[in-house]
Amino acid sequence: RNWIDGKEEGAANGGWLESVDPSRGEGWAQVPDGRAADVDLAVQAARRAFRDGPWRTLSAAERARLLRRVGALVRARVEGLAALESRDNGKAIRETGPEVSAVAEMYYYWAGAADKVQGETIRVGPASFNFTIAEPIGVVGAIIPWNSPLSLFAAKVGAILAAGNTVVVKPAEEAACTSLAFARFFEEAGFPPGVVNVVTGLGEEAGDALVRHPDVGKITFTGETSTARTITARSAETLKRLAF
């Protein structure tokens, strides 16, 4: 099920998508067929967590502590996550094992980066200066592909959280199971509800709704060029920041 506001949610329309095990060519799991209503539910949860919840008042050091906990949880469960990733997207264990180990290291890295988000002091005259302050954007939408979903989830979400944002992740419908599983780690680590949300669904439905949503301040996307062009055009409607 989708992970929204710290709890499991089925698709609002009750629909499901089949996840196929590439090594067998057979369905082995089902994930929600999320649409605009599901994306809106997740975005509103992320917006509340950013604006009203305890996440807003956590210090950078406290965010770092939570991120380190995620890294420790991944390190303790490399074998299970690697097996899940392999079954979901077809990579051999010899590839997914090192990738999952790297995920743990990513979260130690982002924990170290959390209190390094700094502005600049700019001297503009003999007795005057300007300064800048780096502030979080708010809700960020992360769209990830099928080929290395857990690694890309980890890289994008780690950076988003270290900077103090909240996130809604839309994984590729072909390989969404590890993203849904990994989302639960954040609750176990002690993140407030709504900080990390995952909605599965087709790109033209759930992905499009995330890109168009007026309360999403930025989209980070990894995938094919034609999709990036579409995202760029549709993000212009709400002047979103983009990272490809």
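Predicted model, so just to flag it, every value in this text is computed and none were measured.
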Minimum heavy-atom distance [X]-[Y], with the two atoms named:
X      : Y      : answer
Tyr107 : Ala154 : OH-O, 3.2 Å
Val140 : Val216 : C-CG1, 4.3 Å
Val157 : Phe186 : CG1-CZ, 4.0 Å
Pro171 : Ser179 : CB-OG, 3.6 Å
Ile144 : Pro149 : CD1-O, 3.6 Å
Ala83  : Ile93  : CA-CD1, 3.7 Å

Shared hydrophobic cluster for [X] and [Y] (ILVMFWY, side-chain gaps under 4.5 Å):
X      : Y      : answer
Leu161 : Val139 : no
Leu73  : Phe191 : yes
Val100 : Leu67  : yes
Val198 : Val31  : yes
Val195 : Phe153 : yes

Can you measure from [atom1] ([X]) to [atom2] ([Y]) and round to the nearest 0.5 angstrom?
X      : Y      : atom1 : atom2 : answer
Leu202 : Glu204 : CG    : CD    : 4.5 Å
Thr96  : Leu150 : OG1   : CG    : 9.5 Å
Leu180 : Trp3   : CG    : CH2   : 10.5 Å
Arg69  : Glu188 : CZ    : CD    : 10.5 Å
Glu18  : Glu26  : CD    : CD    : 9.5 Å
Glu187 : Asp5   : CD    : CG    : 10.5 Å

Does the pair Leu81 and Glu85 meet the rule for a side chain to side chain contact (heavy atoms under 4.5 Å, CB included), with working shown? CA-CA 6 Å; Leu81 282 170; Glu85 183 89 320; over 6 Å; no
Check whether more than 12 heavy atoms from other residues, nucleotides or ligands sit under 6.0 Å from atom [atom1] of [X], and answer yes or no.
X      : atom1 : result
Tyr109 : OH    : no
Arg51  : CZ    : yes
Glu79  : CD    : no

Less than 4.5 Å apart, side chain to side chain, heavy atoms only: is that true for [X] and [Y]?
X      : Y      : result
Val70  : Trp110 : no
Met106 : Val74  : no
Leu66  : Trp55  : yes
Val167 : Lys156 : no

Decide yes or no on side chain to side chain contact (heavy atoms under 4.5 Å, CB included) for Asp88 and Trp28, but give the supporting numbers first. CA-CA 9 Å; Asp88 203 28; Trp28 75 282; 3.7 Å; yes
[Y] backbone acceptor or donor facing [X] side chain under 3.5 Å:
X      : Y      : value
Asn165 : Ile137 : yes
Asn89  : Ala175 : no
Arg63  : Ala162 : yes
Ser235 : Thr232 : no
Glu62  : Ser59  : yes
Arg75  : Val78  : no
Lys91  : Ser148 : no
Thr132 : Glu120 : yes

If we check side-chain contact (heavy atoms from CB on, under 4.5 Å) with Ile143, which of these qualifies: Leu210, Val168, Val169?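 With Ile143 as partner, side-chain contact (heavy atoms from CB on, under 4.5 Å) holds for just one option, Leu210.
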Is it true that Lys170 and Glu173 have a side-chain N and a carboxylate O under 4.0 angstrom from each other?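 Judged by the 4.0 Å cut-off on N to carboxylate O distance, Lys170 and Glu173 do form a salt bridge.
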Quick one: do Arg184 and Glu8 make a salt bridge, cutoff under 4.0 Å?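 Answer for the salt bridge query: yes.
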Please determine if Arg77 forms a cation-pi arrangement with Phe185, meaning its NZ or CZ atom is less than 6.0 Å from the six-membered ring centre and no more than 45° off the ring axis.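 Relative to the ring axis of Phe185, which defines the angle, Arg77 lies inside both limits.
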Quick one: does NZ or CZ of Arg68 land under 6.0 Å from the six-membered ring centre of Tyr108, within 45 degrees of the ring axis?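 That pair does not qualify as a cation-pi contact.
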Between Asp215 and Gln44, does the side chain to side chain contact (heavy atoms under 4.5 Å, CB included) criterion hold? Intermediate values first, please. CA-CA 8 Å; Asp215 291 327; Gln44 295 310 320; 3.0 Å; yes
Pair Val211-Phe221, side chain to side chain contact (heavy atoms under 4.5 Å, CB included): steps then yes or no: CA-CA 10 Å; Val211 170; Phe221 167 77; over 6 Å; no
If we check side-chain hydrogen bond (donor to acceptor under 3.5 Å, both in side chains) with Thr200, which of these qualifies: Asn2, Asp38, Asp33?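 Among Asn2, Asp38, Asp33, the one meeting side-chain hydrogen bond (donor to acceptor under 3.5 Å, both in side chains) with Thr200 is Asn2.
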